[in-house]
Amino acid sequence: SGKPVEGALVVVRFDGHYDDILPDREVLGHREAKTDARGNFSIGSMIKPGISAWPFYRTEARIVAVVARLKGSRGLS
């Protein structure tokens, strides 16, 4: 419908890779957040202790799932 959905669960995955020559991605972690009344969500940064290889190590954040139970739906049984 294009309308914002409040309370939807959004799963974001953080990946890292060195360059296009070595395209294999390493999963750094994931975060979950819920959407607000406007359909927005905030994750923040993914920071872990370790050695930084920036700018050679590139990171990406991808939305891998959005789950919501809509009003009037019965859900899974």
Side-chain angles (χ1 to χ4, degrees):
S1 71
K3 294 180 182 179
V5 176
E6 182 177 4
L9 178 66
V10 179
V11 180
V12 178
R13 184 177 83 183
F14 294 86
D15 295 328
H17 64 97
Y18 284 99
D19 56 24
D20 295 332
I21 297 170
L22 300 169
D24 293 339
R25 298 193 185 315
E26 178 182 343
V27 176
L28 301 175
H30 80 281
R31 293 271 179 91
E32 299 173 0
K34 291 213 175 196
T35 57
D36 62 15
R38 296 179 300 173
N40 298 327
F41 66 95
S42 177
I43 292 288
S45 60
M46 179 76 178
I47 299 173
K48 289 186 175 180
I51 298 172
S52 174
W54 182 86
F56 305 109
Y57 195 70
R58 299 178 186 175
T59 58
E60 298 175 349
R62 300 175 186 207
I63 296 175
V64 294
V66 177
V67 181
R69 184 172 182 178
L70 302 176
K71 291 181 182 177
S73 68
R74 291 199 242 162
L76 301 174
S77 300

With sequence neighbours excluded, tell me which residues meet side-chain contact (heavy atoms from CB on, under 4.5 Å) with [X].
X     : answer
Glu60 : His17, Arg25, Arg62
Asn40 : Asp36, Arg38
Ala33 : Phe41, Ile43

| task | Heavy atoms only: give me the nearest Ala8-Val66 pair and the separation to one decimal. | result |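 Looks like CB-CG1, 4.2 Å.
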
| Joint cluster assignment, Ile63 & Phe14, ILVMFWY side-chain distance < 4.5 Å |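 Hydrophobic grouping puts Ile63 with Phe14.
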
